[in-house]
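A note on names: the letters A, B, ... follow the listed sequences, proteins ahead of strands, and every chain is numbered from 1.
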Amino acid sequence: MELSARYTPSDIEEKWYSHWEKSGYFKSVPDDREAFSIVIPPPNVTGMLHMGHMLNNTIQDILIRKARLDGKNACWVPGTDHASIATEAKVVRWLRDEKKLRKADLTRDEFMEYAYQWKEKYGGIILHQLRKLGASCDWDRTAFTMDKGYYEDVIRVFVDLYQRDKLYRGLRMVNWDPEAKTVLSNEEVIYGEENAQLFHIQYKNEDGSAGVVIATQRPETIFADVAIAVNPKDSRYTALVGKKVLIPLINRPIPVIADDYVDIEFGTGALKITPAHDPNDYEVGQRHQLEVIDTISDEGRINDKCAFAPIVGLDRFEARKQMKGFLEENGSLVKIEDYRTNIGRSERTNSVVEPKLSLQWFVKMSDLGVPALKAVLDEEVKFYPPSFQNLYRNWMENLRDWCISRQLWWGQRIPAWYLKSEGLSQETHVFVALTAEDALAQARNATGNAQLSMDDLRQDEDVLDTWASSWLWPISVFDGFNKPDGEINYYYPTSVLVTGWDIIFFWVARMVMAGYEFRGEKPFQAVYFTGMVRDKLRRKMSKSLGNSPDALKLLEDYGADGVRYGLMSSAAAGGDILFDDKLCENGRNFCNKLWNVLRLIKGWSVTEVPENEEIARKNALAVQWLTDKFQQVLIQAESDFTQFRLSEALLGLYTFIWDDFCSWYLEMIKPGYEQPIDRKTYEATIDLLSQIMVALHPFMPFVTEEIWHQLRNRKEGDDCCAQQYPKPGKSDIQLIARVEAAKNIITGIRDIRNQNQVKPRDPLAVVAQDSLAVQELFAQEGLQEMVMKMAVLKSFDCSSNEPQNAKSFISGTDKFYVELNQTIDVAAERKKLTEELEYQRGFIQSIENKLSNERFVNSAPAAVVENERKKLSDGQARIQILEDSLSKLG
RNA sequence: CGGGCCAUAGCUCAGUUGGUUAGAGCGCCACGUUGACAUCGUGGAGGUCACAGGUUCGAAUCCCGUUGGUCCGACCA
């Protein structure tokens, strides 16, 4: 069959993916092999494949495929997380647009029914997109953080933590998202500098005198003020402390109090205390037993607790705008300053986060953090790159309790029940239990009222933070809570976690905590942190900027292998990638190169016997050299893999294939136009290329599988992805060095050819100045034949006589003459030689400096000194040659 | 304010425990196509390793400082 001149990935990718899947290569069940397991960082169920996913999952696939080829029992568990806020928003929108339903009109159960419907319909998109990338996940294990079993695990963990006093319900200042109408954890709030205004407002004394001026960004909150605080050391205000001042517009008297918290230098040195709307004010309020007046509703509007009627019902920002007029009119506004300040916004909705006093559920982090920090510092859990230990430690040493309740429906509902007889948020009894029946039993017990029924209880309306389920991922996906002695013992701890460093706190840290807390063991041996994928301008890729390429289109344009290559070729662990289509283009070109290797080899006709002895010797050398070189490449690749230096491993293979295999080896053995190749060399080449395909397979699975099959008729099940990864064997270092020396000579000849505009196919005559080194080098069987072919020579001789009309070059410590039927430009030649001589003299000068230093000779390792001596003598030999040449030029 | 990370060719980055006058890819320059591949080949140019000091026989590499970038955290009336 005729092969097309270009590699077309679309022809083969789907074919091989379904073949692999059908053959069950991705499936894993425990057996007596060593396990190699990875749990996917579950993408958001609403997600679509983007650059970050592609990078992340390419890395996981490389590791998994390599482990599989190494004969390990490789298990890659895929899945998605339920992403409570994002998904609930999506479902609400879907209900509104497609079903003409409002969430408010649905019961909780109805809503959940629809939400699962939505998930069934749209939730698996990203997992299908991963297949296009080549991801070799065990799809039978696909997990979801809201699956029935998973749901139960989350509830069980909640109850367990509560019973062990590691989880509590408390009234705290929390981050409130008024748009999503839910609390957020600290990690879900993104701070950024924004323009704001500082209002200077005068609070008069009760007798109408000047009183005090405070500065605030939020004039709409003055009606929630309960005091003015000043620093006790601030002499300006000493007289006022203990007196009362009046809130403008409503003239409510509030006390002036003294508290160290107030910074004398900042603003006016007087601070309004608004405990309901500022975390620090809340603390101050607590210290002084002040009341809390909450004037902002869950939607972010001014509520009727606000004593100033004109702004009641307004959104907080609208209220702020209007306050300017009211204050001015009233004469209380002293001035307005422009001001830069950090504003916190919700990661999900981008609305300005409102500090709010609220009853929420928290996990106590202090105990959980201890083993998790130790594990990383002791390298029980190894970080790649290790520099992320610092970031991790920094966070772990400043742990704050984790708010895990969310005011949503989509998620695991908090298994806590209260007595209906007690008012909302006024509960004194809390019953935490796996089931409502248990809770009822607890309630009867606690109240001594055996007549209590389910109707007397109400369950907490809130659900748990998504991360409070996904931190259990490495345990729950192996059913480790239900069957702690089941297959989890085989797969856990998992081998490596691959994830972006931006979720080190959200996820990595908490998984480590959960691992030790619930299994007494780390969840993974290692964490490989990927960088962020950015655009050429170093901006993070984001929907709003529109700078993110369409992942699926990239896969179509460049092929999965091309994209994988592009992502990996510049992705050192932890390092950001400045993404450019050019990277994928390189990958596509590489595939094309491989494809054309195949075309070349398949185009050859084969004879049983080599045409002559020279060719036989040359080809035997080529095969031997490439085989030996391959061993070295494999040793390096193996070492790169163990250190997770995946880009380096790929680059090593790439260079070997493109340079050594294509540019040197194939050119060495390539028969003349329409000439046949001998059987022995042909078979060796096919075997070598097959092995190379296996070695490259983890990085570029599709093209390697295709070429593997094109090279030979393979039996059923003899697939590239199911081979044994080539194990490095011995190699002849001297032979490799000799070929390197020969390559150097060839390059020297080509350079002269180029510089003198001799056509590539015009054969040249070359003379090597006779020396022991040259004789030794060319004693290598096949080497002379190889040099003659590669440099396109009609003759190659060793002689002590210098040929006429020849240009010379130095390779190693030897001089070579290339005969040219041209007159030599003496002046140019002298210039060139002089420059070279200067370089060489500088070179040996630096070495002589070293060697004449006794302390160097005495304290440096013998091998280093020996090497310097060799460099010196080689340099001297080259100088000798150059000086001779110069003197002969006259 | 505190902390991390980084600074190497025009660009993006490698550079393992200190040991050739520093490497790759892209880009650039010259030449080249009846030949596996122009998604290509051959050759070439291009760097005071941010700056200043220190340790060492020896520093891109280790230490200190400066400058610049970037990220995280705290504060933020």
Base rU20(B) paired with Asn867(A) side chain (donor-acceptor, <3.5 Å): no
Residue Arg645(A), side-chain atoms from C-beta onward, closest of rG43(B), rG15(B), rG19(B): rG15(B)
What is the distance, to the nearest angstrom, from the CZ atom on Phe505(A) to the C1' atom on rA74(B)? 13 Å
With the threshold set at 4.0 Å, does a side-chain nitrogen-carboxylate oxygen contact exist between Glu835(A) and Lys831(A)? yes
Between the base of rG69(B) and the side chain of Arg538(A), is there a donor-acceptor distance below 3.5 Å? no
Under 3.5 Å on both distances, the Watson-Crick or G-U partner of rG65(B): rC51(B)
Going by the angle between their ring planes, with limits at 30° and 60°, are Tyr654(A) and Trp658(A) parallel, tilted or perpendicular? tilted
So if I take every side-chain heavy atom of Leu666(A) and compare against rA36(B), rG43(B), rG27(B), which nucleotide ends up nearest? rA36(B)
Would you kindly give the CH2-to-C1' distance between Trp501(A) and rC5(B), to the nearest whole Å? 10 Å
Taking the side chain of Ser859(A) as heavy atoms from C-beta outward, which of rC57(B), rG43(B), rG19(B) is closest to it? rC57(B)
So if I take every side-chain heavy atom of Arg599(A) and compare against rG19(B), rA36(B), rA14(B), which nucleotide ends up nearest? rA36(B)
Is there a donor and acceptor pair, one atom on the side chain of Glu667(A) and one on the base of rA36(B), closer than 3.5 Å? yes
Arg855(A) CZ to rG18(B) P, in whole Å, measures 20 Å
Taking rC1(B) as the reference, what is the distance to rA9(B) when you measure between their C1' atoms (whole Å, please)? 38 Å
Applying the ring-ring contact (aromatic ring centres under 6.0 Å, His included) criterion to Phe383(A), which one of Trp501(A), Tyr392(A), Phe388(A), Tyr528(A) satisfies it? Tyr392(A)
Between rG19(B) and rC62(B), how far apart are the two C1' atoms, rounded to whole Å? 14 Å
Can you tell which of rG43(B), rC37(B), rA24(B) lies closest to the side chain of Leu651(A)? rA24(B)
As a test of reading the structure: which of rC5(B), rU12(B), rC57(B) is closest to the side chain of Leu578(A), going by heavy atoms? rU12(B)
Considering heavy-atom distances to RNA chain B, does Lys759(A) or Thr655(A) have its closest nucleotide positioned more toward the 5' end? Thr655(A)
Distance only, no hydrogens: is a donor on one side chain within 3.5 Å (strictly under) of an acceptor on the other, for Ser873(A) and Gln876(A)? no
Between rG19(B) atom C1' and Ile847(A) atom CD1, what is the distance in whole Å? 12 Å
Considering every strand and a 4.0 Å limit on heavy-atom distances, what is the contact class for Val857(A): base, sugar-phosphate, or nothing? nothing
Taking the minimum atom-to-atom distance to the side chain of Ala860(A), which one of rG35(B), rG19(B), rA14(B) wins? rG19(B)
Measure distances between side-chain N and O atoms of Arg6(A) and base N and O atoms of rU39(B), and say whether any donor-acceptor pair falls under 3.5 Å. yes
Rounded to the Å, how far apart are Met790(A) CE and rU42(B) P? 8 Å
salt_bridge(Asp660(A), Lys743(A)) N-O dist < 4.0 Å: yes
Under 4.0 angstrom, heavy atoms only, what part of the nucleic acid is Ser569(A) near: base, sugar-phosphate, or nothing? nothing
Select base, sugar-phosphate, or nothing to describe what Glu648(A) touches, counting heavy atoms under 4.0 Å on all strands. sugar-phosphate
Under 4.0 angstrom, heavy atoms only, what part of the nucleic acid is Thr268(A) near: base, sugar-phosphate, or nothing? nothing
Pairing partner (Watson-Crick or G-U wobble, both distances under 3.5 angstrom) of rA45(B): none
Would you mind classifying the nucleic acid contact of Glu585(A) as base, sugar-phosphate or nothing, using non-hydrogen atoms under 4.0 angstrom? nothing
For a quick test of reading the model: is some side-chain N or O of Trp658(A) closer than 4.0 Å to OP1 or OP2 of rG41(B)? yes
Using OP1 and OP2 only, check whether a side-chain N or O of Ser647(A) sits under 4.0 Å from rC13(B). no
Do Glu868(A) and Lys871(A) sit within salt-bridge range, that is, some charged N less than 4.0 Å from a carboxylate O? yes
Can Gln636(A) and Gln632(A) be counted as having a side-chain donor-acceptor contact under 3.5 angstrom? no
Within this structure, what is the CG-to-P distance between Asn390(A) and rG2(B), rounded to whole angstrom? 18 Å
In Watson-Crick or G-U wobble terms, with both distances under 3.5 Å, the base opposite rC57(B) is rG19(B)
How close or far is atom P of rG27(B) from atom NZ of Lys536(A), stated in whole angstroms? 12 Å
Side-chain N or O of Ser387(A) versus OP1/OP2 of rG4(B): is the shortest distance under 4.0 Å? no
Which nucleotide wins on minimum distance to the side chain of Gln643(A), given the candidates rC40(B), rU16(B), rA36(B)? rU16(B)
P gap between rC26(B) and rG43(B), integer Å: 14 Å
Expressed in whole Å, how much space separates the P atoms belonging to rG27(B) and rG18(B)? 36 Å
Taking atom types as they are modelled, would you say the side chain of Lys593(A) forms a donor-acceptor pair with the base of rC37(B) within the 3.5 Å cutoff? yes
Sort out the partner of rU70(B) for me: Watson-Crick or G-U wobble, both distances under 3.5 Å, none otherwise. rG4(B)
Pair partner, rC26(B) [Watson-Crick or wobble, under 3.5 Å]: rG10(B)
Base, sugar-phosphate, or nothing for Leu198(A), non-hydrogen atoms under 4.0 angstrom? sugar-phosphate
From rU42(B), rC75(B), rG15(B), nucleotide with atom closest to Asn754(A) side chain: rU42(B)
Looking at every strand, decide which applies to Asn853(A) at a 4.0 Å heavy-atom threshold: base, sugar-phosphate, or nothing. sugar-phosphate
Side-chain N or O of Arg750(A) closer than 4.0 Å to phosphate OP1/OP2 of rC31(B): no
With a non-hydrogen cut-off below 4.0 angstrom, is Arg400(A) in contact with a base, only sugar-phosphate, or nothing? sugar-phosphate
In Watson-Crick or G-U wobble terms, with both distances under 3.5 Å, the base opposite rA38(B) is none
Here's a test of your reading of the structure: between Asn586(A) and Gln757(A), which maps to the more 5' nucleotide of RNA chain B? Asn586(A)
With rounding to whole Å, what would you report as the distance between rU16(B) and rU42(B) at their P atoms? 29 Å
Would you name the heavy atoms of Met786(A) and Ile746(A) that are closest together and state the gap between them? SD-CD1, 3.9 Å
State which of rC5(B), rC40(B), rG35(B) makes the closest approach to the side chain of Asn589(A). rC40(B)
What does Asn858(A) touch in the nucleic acid at a heavy-atom separation under 4.0 angstrom: a base, only the sugar-phosphate, or nothing? nothing
On a whole-Å scale, what distance lies between the C1' atoms belonging to rG25(B) and rU56(B)? 35 Å
Do Leu399(A) and Leu373(A) have side-chain heavy atoms sitting under 4.5 Å apart? no
Arg534(A) atom CZ is separated from rC11(B) atom P, nearest whole Å, by 19 Å
Minimal non-hydrogen separation, Val189(A) against Gly344(A), with atom names: CG1-CA, 3.8 Å
